[in-house]
2 protein chains.
Amino acid sequence: MENSLSLTEENYIKAIFQIGTTPESNVSTNALADSLQTKPATVSDMIKKLSYKKLIFYEKYKGVALSESGSKEALKIIRKHRLWEVFLVNHLNFKWDQVHEIAEQLEHIKSSELVNRLDDFLGNPTIDPHGDPIPDAKGRVQLGPSKLLSEMTSHEKGIIVGVKNEDPLLLQHLDKINIRLGLQIEVTEVNDFDQSMQVKLPDLGIIFLSKKITSQILITKNS
Amino acid sequence: MENSLSLTEENYIKAIFQIGTTPESNVSTNALADSLQTKPATVSDMIKKLSYKKLIFYEKYKGVALSESGSKEALKIIRKHRLWEVFLVNHLNFKWDQVHEIAEQLEHIKSSELVNRLDDFLGNPTIDPHGDPIPDAKGRVQLGPSKLLSEMTSHEKGIIVGVKNEDPLLLQHLDKINIRLGLQIEVTEVNDFDQSMQVKLPDLGIIFLSKKITSQILITKNS
DNA sequence: ATTAATTTTTAGATTAATCTAAAAGTTTAG
DNA sequence: CTAAACTTTTAGATTAATCTAAAAATTAAT
Ligand SMILES: [Mn+2]
Ligand SMILES: [Mn+2]
Ligand SMILES: [Mn+2]
Ligand SMILES: [Mn+2]
């Protein structure tokens, strides 16, 4: 079973998982090259290898999608990434904008025993510090339905449950304006011209948010 | 400062540190090949690279020794290895025979912020689960004087403070016969013929130990 | 002090991951 | 439906880490 993936292979599998919205949608060579900060030629070579190893389905010029075993691997890596992020924030007092890079390294540590013990140690968390769901040991994720703040209309209410990406500058800005997961939020006004919003938050009162920010914040679907 | 070492380079630096007893003693190409489970030809290539990077002193056919910066790197890696071992044993409930392999991976995670926060989280431990001293953030180690149990004579007393290597089979055997760090031990008899010993331990009474085991157990020098 | 044994280095290949440049295939626009 | 634009693949090189086989240097034994 010479099974174990190289660090590079793991990063490709994870990127394919994260770019492909549905398991169906094929991921393009260029999208992968962008995401992995490499060149399309490099990607072409690597997807041939992953295809040979049956981790992905691949037809020339038609992009790739993860196979069953590919998805399983991706979920294992994502599980590790997010559990380590919880550890870093909850136990080592890192801020949510500081953990992604370190978790990018820790997600490649190979020991299922370690992951499962870490999971228990952390109290089997279901979401990571950014609101992303943590797959369980069998790869199952429970994802509450959510929508973007930018998709909400005036007078709608909800609870902030996540952020769409982990750009440290975004996260630091959210810290600065005191926005964090779990807050009740109410849209008080939407400006059609630039889609900026005014929203009401507990204690903070009414604050102004640009489209750039509202399009990164996830809100519960039914509140 | 394109400074950062590759995983392979780190493993060489660590091996050189651990084989070289004193900073003076040169480490041979073959010793490194053995320790790193590779071939002498491979080692010859790598030490040229490390020498070029000024991490080691090297003269052809005369072996290598770590430079100041090489030693610093080695101590950083060892610090990480041992801190992670403490984490695994104290917080994830691993046994002392299960942690070395995982720590071999974790020691390569790059983030000084992480190491220092981990150190604090663990309560700034000074020894790892095998009794080995943990270098502090500046690379300083405080090593209490110790000797091997096999070097003790009849009626000598001491406290078990460490094990010389981390072979899981040795560690499991010590568990089985209830030997662990911190125990008071007294040599009751030494058999000259095979250098086996009888020793007295609290609660356990008198037990028999072969030379193979007594030569792996470290005891306080002055009790 | 030669010779034999051992150690170390060099020479030449291989594999994984990467790149640039060019060729081939697919999509989009007139 | 062709032609331009874009995407993807192939061809050929490069770098890090590794190997085997052979040459060179050192060390040990007569
Ligand atoms: Mn992350
Ligand atoms: Mn996250
Ligand atoms: Mn260890
Ligand atoms: Mn140890």
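Residue numbering restarts at 1 for every chain, and letters A, B, ... go by the order of the sequence lines.
- By the salt bridge (charged side-chain N to carboxylate O under 4.0 Å, His left out) test, B/K110 is found to be paired with B/E10, residues two or more places apart in sequence or in another chain being considered.
- Nearest approach of A/T220 to A/V161, heavy atoms of both residues: CG2-CG1, 3.4 Å.
- B/Y61 places its OH atom 6 Å from the P atom of C/dT10, with the value rounded to the nearest Å.
- Across all strands shown, B/K48 has heavy atoms under 4.0 Å from sugar-phosphate atoms exclusively, and none from any base.
- Side-chain N/O atoms of B/S44 include one lying less than 4.0 angstrom from OP1 or OP2 on C/dT9.
- An OP1 or OP2 oxygen of D/dC6 is reached within less than 4.0 angstrom by no side-chain nitrogen or oxygen of A/N30.
- In this structure, A/N26 places its CG atom 14 Å from C1' of D/dT8, rounding to the nearest Å.
- Proximity of A/L32 to A/I16: side-chain heavy atoms (C-beta onward) are separated by under 4.5 Å at one or more points.
- Contacts with DNA chain D (heavy atom under 4.0 Å) in residues 32-39 of chain B: B/T38, B/K39, listed by number.
- Between the CG atom of B/D45 and the P atom of C/dG12 there is a distance of 13 Å, rounded to whole Å.
- Under 4.0 angstrom from either OP1 or OP2 of D/dT9 there lies at least one side-chain N or O belonging to A/Y58.
- Note on ring orientation: taking the six-membered ring where Trp is involved, the planes of A/F87 and B/W84 are tilted (angle from 30° to 60°).
- Between A/K60 and D/dT10 there is a side-chain N or O to OP1 or OP2 distance below 4.0 Å.
- Among the protein residues, A/T29 comes within range of the sugar-phosphate backbone only, with heavy atoms under 4.0 Å from sugar or phosphate atoms but none that close to a base.
- Between A/L50 atom CG and C/dA16 atom P there is a gap of 12 Å when expressed in whole angstrom units.
- The backbone N or O of B/D128 sits nowhere less than 3.5 Å from a side-chain atom of B/D132 that would complete a donor-acceptor pair.
- One atom, CD of A/E59, and another, P of C/dA24, lie 21 Å apart when rounded to the nearest Å.
- Counting to the nearest Å, the C1' atom of D/dT8 and the CD1 atom of A/I47 are 8 Å from each other.
- Without hydrogens or angle criteria, A/Q216 side chain to A/I213 main chain gives no donor-acceptor distance under 3.5 Å.
- With rounding to whole Å, A/L7 atom CG is found 22 Å from C/dT15 atom P.
- The side chain of B/T8 lies closest to D/dT18, out of D/dT26, D/dT18, D/dT8.
- For A/H100 and A/H130, the side-chain atoms include no donor-acceptor pair closer than 3.5 Å.
- As rounded to whole Å, 12 Å separates atom C1' of D/dA25 from atom NZ of B/K62.
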